[in-house]
Amino acid sequence: MDLRLLRTTWLPLLMWLIAGVCSAADTPVRLMVVVRGASGTPEYGKMFDEWSERWQVAAKVGGCRVVKIGPTEKNNESPTVSDRDVLLKTLSEATNETVTELWVALLGHGTFDGKTPRFNLRGDDVSSLDLKDALVKRSELTAVINCSTASSPFLSDLAAKNRVIITATKSGSEQNFARFGEYMSAAIGDASNDLDKDGQTSLFEAFLMASRQTKQFYDSDGRLETEHSLLDDNGDGQGIRADWFRGLRLIKKPERG
């Protein structure tokens, strides 16, 4: 597995602070799209609000332009334009800017019927193929972090050159509520997760820490682990798991089918 894209090319969120504040509309920008999905219940809605806020804070601290899509528990009214349409338009258009890095965090519930994986939004859900079509003409460095249930099929559908895809599950059949999003949202803005001590927390390091904390949640509660996060950064759509690493060193490779 080639980790160079993550380890040397990708600028982590905390590095954005060094790079400076967001630029004017006609100059390069780093764009963070935070998608807060449908609540399902008020309890889940409060969780998704908290995760969304963490991502927004981390991105703003890093000088990134943030686009927030979706409801809050205090404002859950049906939008005039659907969340799905807003998301796809945001991803497919440059909005008069030169986007040098694109980050997309999907925070909520997901479904998979054996054919089409979807992320749940108010109104129409968005599928992996919807996102694939919206991203097809984009060539900048892109990260899609899908923290929802049954999110694994998004990885194989979206994997491509210059992309990092992270999912909360290793298969579409892992359909219990995914806790990974909680730990990922906390890890991305936490400087203590700088595992290689280079002064910054990378997306790779946040993935490792969040995956390990998710496992610890199930272990400490004496429960069978029902989610196993994956990461792909070389476009092969295979994905790797955090438990394939000892520290930062990869000790297992995916089997090639």
Side-chain angles (χ1 to χ4, degrees), residues 6 10-16 29-39 44-72 83-84 86-88 90-91 99 101-110 117-122 125-128 130-132 134-135 138 140-152 154-155 157-158 163-169 177-190 193 201-211 213-214 227 229-233:
L6 277 168
W10 264 82
L11 294 178
L13 280 172
L14 294 181
M15 188 63 179
W16 291 350
V29 299
R30 300 178 180 92
L31 179 63
M32 176 81 232
V33 182
V34 179
V35 187
R36 196 278 209 186
S39 299
Y44 288 131
K46 290 178 182 179
M47 290 184 186
F48 300 155
D49 285 344
E50 182 177 344
W51 303 356
S52 172
E53 181 62 25
R54 288 173 181 170
W55 274 100
Q56 292 177 75
V57 168
K60 289 176 181 178
V61 167
C64 182
R65 177 172 178 257
V66 178
V67 173
K68 161 63 167 54
I69 298 172
T72 66
D83 293 340
R84 175 182 178 275
V86 173
L87 171 59
L88 296 180
T90 299
L91 297 182
V99 178
E101 294 174 15
L102 174 63
W103 297 64
V104 182
L106 303 176
L107 313 173
H109 299 292
R118 301 182 186 278
F119 178 75
N120 300 159
L121 297 169
R122 291 179 297 182
D125 297 335
V126 65
S127 72
S128 60
D130 291 333
L131 295 182
K132 182 177 181 179
L135 294 171
R138 306 205 72 104
E140 68 273 90
L141 292 171
T142 299
V144 179
I145 304 97
N146 188 340
C147 298
S148 70
T149 300
S151 51
S152 173
F154 276 77
L155 184 143
D157 287 343
L158 297 181
R163 286 187 195 167
V164 178
I165 310 297
I166 292 175
T167 61
T169 71
F177 176 67
R179 300 274 176 178
F180 175 75
E182 175 182 356
Y183 298 110
M184 189 68 191
S185 67
I188 197 66
D190 188 347
N193 292 323
T201 299
S202 70
L203 185 59
F204 170 58
E205 290 167 325
F207 163 77
L208 289 181
M209 291 303 298
S211 301
Q213 289 167 351
T214 300
E227 55 184 295
S229 53
L230 290 178
L231 177 150
D232 181 277
D233 74 332

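All figures in this text were calculated on a predicted structure; none of them were measured in a lab.
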So among V144, I145, N146, L230, which one has a side chain to side chain contact (heavy atoms under 4.5 Å, CB included) with F154?
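Single pass found, and it is N146.
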Quick one: are [X] and [Y] in side-chain contact, heavy atoms under 4.5 Å?
| X | Y | value |
| --- | --- | --- |
| L203 | V164 | yes |
| W103 | V33 | no |
| Q213 | M184 | no |
| V104 | L31 | no |
| T90 | I69 | yes |
| L88 | V126 | yes |

Under 3.5 Å donor-acceptor, [X] side chain and [Y] backbone:
| X | Y | value |
| --- | --- | --- |
| E205 | S202 | yes |
| R163 | L158 | yes |
| K68 | G70 | yes |

Could you give the distance from [atom1] ([X]) to [atom2] ([Y]), rounded to the nearest 0.5 Å?
| X | Y | atom1 | atom2 | answer |
| --- | --- | --- | --- | --- |
| S229 | L208 | OG | CG | 8.5 Å |
| I165 | L155 | CD1 | CG | 6.5 Å |
| S151 | I166 | OG | CD1 | 10.5 Å |
| L91 | L131 | CG | CG | 6.5 Å |
| M209 | F204 | CE | CZ | 12.0 Å |
| T214 | Y183 | OG1 | OH | 6.5 Å |

Output all residues satisfying side-chain contact (heavy atoms from CB on, under 4.5 Å) with A186, sequence neighbours left out; order by chain, then residue number.
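A186 satisfies side-chain contact (heavy atoms from CB on, under 4.5 Å) with R54 once adjacent residues are dropped.
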Might you point out which heavy atoms bring [X] and [Y] nearest each other, and give the distance in Å?
| X | Y | answer |
| --- | --- | --- |
| F48 | A38 | CE1-O, 3.7 Å |
| G37 | L121 | CA-CD2, 4.2 Å |
| V99 | E101 | CG1-O, 3.2 Å |
| F180 | T167 | CE2-O, 4.5 Å |
| W51 | A178 | CH2-O, 3.8 Å |
| C64 | R30 | SG-O, 2.7 Å |

Go through the structure and list residues passing side-chain hydrogen bond (donor to acceptor under 3.5 Å, both in side chains) with [X], not counting sequence neighbours.
| X | value |
| --- | --- |
| S128 | D157 |
| S52 | Q56 |
| T149 | none |
| E53 | none |

Sequence neighbours excluded, which residues qualify as salt bridge (Lys or Arg N to Asp or Glu O under 4.0 Å) partners of D130?
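R84.
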Sub-6.0 Å ring centroid separation between F119 and H109
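Here the rings of H109 and F119 have centres that are no less than 6.0 Å from each other.
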Checking L107 against V34 for the side chain to side chain contact (heavy atoms under 4.5 Å, CB included) test, could you report, in this order, the C-alpha distance in whole Å, the side-chain angles of both residues, the deciding distance, and whether it holds?
CA-CA 8 Å; L107 313 173; V34 179; 3.9 Å; yes
Report the C-alpha distance between E227 and R179 in whole Å, list the side-chain angles of each, state the deciding distance to 0.1 Å, and finish with yes or no for side chain to side chain contact (heavy atoms under 4.5 Å, CB included).
CA-CA 8 Å; E227 55 184 295; R179 300 274 176 178; 3.5 Å; yes
Can you see whether T169 engages S152 through a side-chain donor-acceptor pair at a distance of less than 3.5 angstrom?
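Absent: no donor and acceptor within the cut-off.
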